[in-house]
Amino acid sequence: MIRLFVPRDSFALALDADAVAARITAEARERKLDIVVVRNGSRGLAFLEPLVEVDTPMGRMAYGPVTVADVASLFEAKFHEGGKHPLAHGRTDAIPFLKNQQRLTFARCGLTDPLSLADYQAHGGFAGLAAALKKSPADIVAEVTASGLRGRGGAGFPTGIKWQTVLNAAEPEKYICCNADEGDSGTFADRMLMEGDPFLLIEGMTIAGLAAGAREGFLYIRSEYPQAIATMVRACELAQAAGFLGQSIQGTNHSFSLHVRTGAGAYICGEETAMLESLEGKRGMVRAKPPIPALEGLFGKPTIINNVLSFAAVPDILARGGAAYQALGLGRSRGTLPFQLAGNVKQGGLVELAFGPSLRSLINDFGGGTASGRPIRAVQVGGPLGAYLPEAALDTPLDYEAFAGASAMLGHGGVVVFDDTVDMGLQARFAMEFCAVESCGKCTPCRIGAQRGVEVIDRLRASENPAANLALLKDLCQTMTDASLCAMGGLTPMPVLSALSHFPEDFQPAAKAAE
Amino acid sequence: MSQTPASPAVETATAIAQAHGNRPDALLEMLHEIQHRLGFIPEAVIPALAQALNRSRAEVFGVVSFYHDFRRQPAGRHVVRVCRAEACQARGGRETEAALQQHLRLKTGETAPDGSVTLEAVYCLGLCAIGPAVMVDGKLHARAEGKRLATLLTEVAS
Ligand SMILES: Cc1cc2nc3c(=O)[nH]c(=O)nc-3n(C[C@H](O)[C@H](O)[C@H](O)COP(=O)(O)O)c2cc1C
Ligand code: SF4
Ligand code: FES
């Protein structure tokens, strides 16, 4: 029997992977070939999706991007035995894009059937949970602290410190909440992980439950990710049936149950306190801090809130020890970050690397430059609230502090490349427009300021009173930065001002045209 | 909306709330299910949910109106959601949105007068490496430009 792999990840599904899988099955039947099609996660080579793999004695061989029309010729070329074909890329793990990565969190993603517990365990799954079950809560937290792991959702707060705070809280009732709102444009790592290796997230959240003494967890997934929601719901059922969730986990006296909740199209619900409100069935209005969620979180109880990738890093840390994770990285940024190469890039996808290489190396060595073949003009890192960097800043090392030093942020690791056709005035306008659409409305600088920002940029771009409107825009940005309750209003000036300072010529197109 | 047949909608909503144990924190889940069944959130279900969850009508209405996902009017028979976010912009997303607007003769956010189709904005579908991204009736489409977009447009029109 020959094993073929056709991903069930959204990247592949959005490029007709279901039809490709169906065609392969039908074609094999006609040719009387004994094959089985496994629907795996994505290996992260988005530019090659749907990436079909074949298990051969030489290893797994890759073919992509495969369309329905290619299937017959693939069989003619005996791809099911690893045969040569124009779409062949040789061994998957030898493709430079994949080979040159340092995969920890995504080590298993794409190798396995995401909903097979047997596959998960055969590839090292639940080793972290087994280690955690032998430790005291304090020792679990100590391991996470030793790893140097910092929150992968954007702010980079040390995970161990957060867990310690919740562990120390005296309340008997505590919660674990996973933030899978992943609203940032240019990011898809959370989605890929939930669709491709859901048990890893369940394992990470369960370990957090053991560490904090919480018996209930909530996973908040944005509604724009139906495939991730369906996969996580099914994975929870399977884990529960096999005794990895629910009462008496693996025969111990620990219990942990997990509920999947669906967002409803509000970017602000990625902000942790707005997410808590939403999980309580309310409008996603940001809460003032203090109290911090670690002490008064969900339903007013001590709560660990982490991003998908933070929880997903934990099983490896428990299985191999915090020191092994800590050994990777640069400065105070330890371990690996799954970067996401997006926008106008030739080879987009997921690139997990230890912190430290330059942004240029990520975009050129992995991404292969722009998709259009034109020069890079700007790169936005860290989502819609992240700065636009010019070509000259591409040598900045990928590390939280180095980015802060360049008045930018790494955030959730999304890297969006723009070529020289981009109009940076329009991008700045969009940043304000997005803030106006997505503001929770609690504070004026954000709610009204963003609307004013759109209008001022429009006037600037029409060359109306440039000096006065420029001063007004800067003033407005200052007010938003200083007087917003959360980073939505507080950081929207980041893309606006970085565009303005690096690309001032784009803010007066009328004047430029007149030259 | 007096033409809405109130009682079947209310019955549906009450049954859904009950299936969730009338837990107030499950309100978003209930609204998603109601919308899935009825196509939108009819005005009449708001007081019914308020009563079932022991919340004020204003609170329930506030939730329905806060979230972009919840509709207070039925959508078209087909729903086209086009990604307007940055990574898709960098790959021609603005042109894809314009092509959809022109083809459907709609602005983003509008429903065709004959109720055939709704065109909506979405801010990221997690396909940012292979944009422009579009979702049609819940199905994802990447690289929605050129020939792939043309094929998609003919499907949407039919
Ligand atoms: C406007 C806004 C949106 C955010 N969106 C997300 C998100 O989608 N996912 C996420 O994990 N964190 C998001 N965050 C950060 C969270 O508030 C929080 O810091 C994070 O979930 C904590 O988990 P971590 O320590 O593991 O990063 C957002 C913050 C702001 C201000
Ligand atoms: S800054 Fe904006 S999103 Fe944040 S609390 Fe204020 S109004 Fe809400
Ligand atoms: S920005 Fe369009 S899919 Fe992410």
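- For the set Thr262(A), Asn344(A), Val416(A), the entry with the most heavy-atom pairs within less than 4.5 Å of chain B is Thr262(A).
- Using modelled atom types and a 3.5 Å distance limit, the side chains of His20(B) and Glu33(B) yield a donor-acceptor pair.
- Considering all non-hydrogen atoms of both residues, Ala180(A) and Leu219(A) come closest at CB-CD1, 3.9 Å.
- Interface residue Val63(B): backbone and side-chain heavy atoms are both found under 4.5 Å from chain A.
- At a 4.5 Å heavy-atom cutoff, the contact between Met135(B) and chain A is made by side-chain atoms alone.
- Residue contact with chain B, scored on non-hydrogen atoms closer than 4.5 Å, involves the backbone and the side chain of Pro384(A) alike.
- Neither the backbone nor the side chain of Glu59(B) has a heavy atom closer than 4.5 Å to any heavy atom of chain A.
- For Thr187(A), the part lying near chain B is the backbone, with the side chain staying farther off; criterion is any non-hydrogen pair under 4.5 Å.
- Note on Met192(A), Lys282(A), Gln227(A): by heavy-atom pairs under 4.5 Å with chain B, the leading option is Lys282(A).
- Looking at Arg84(B), both its backbone and its side chain come within 4.5 Å of chain A, counting heavy atoms on both sides.
- The candidate from Met285(A), Gln380(A), Arg261(A) with the greatest count of non-hydrogen atom pairs under 4.5 Å with chain B is Arg261(A).
- Contact annotation for Tyr267(A): neither backbone nor side-chain heavy atoms come within less than 4.5 Å of a heavy atom of chain B.
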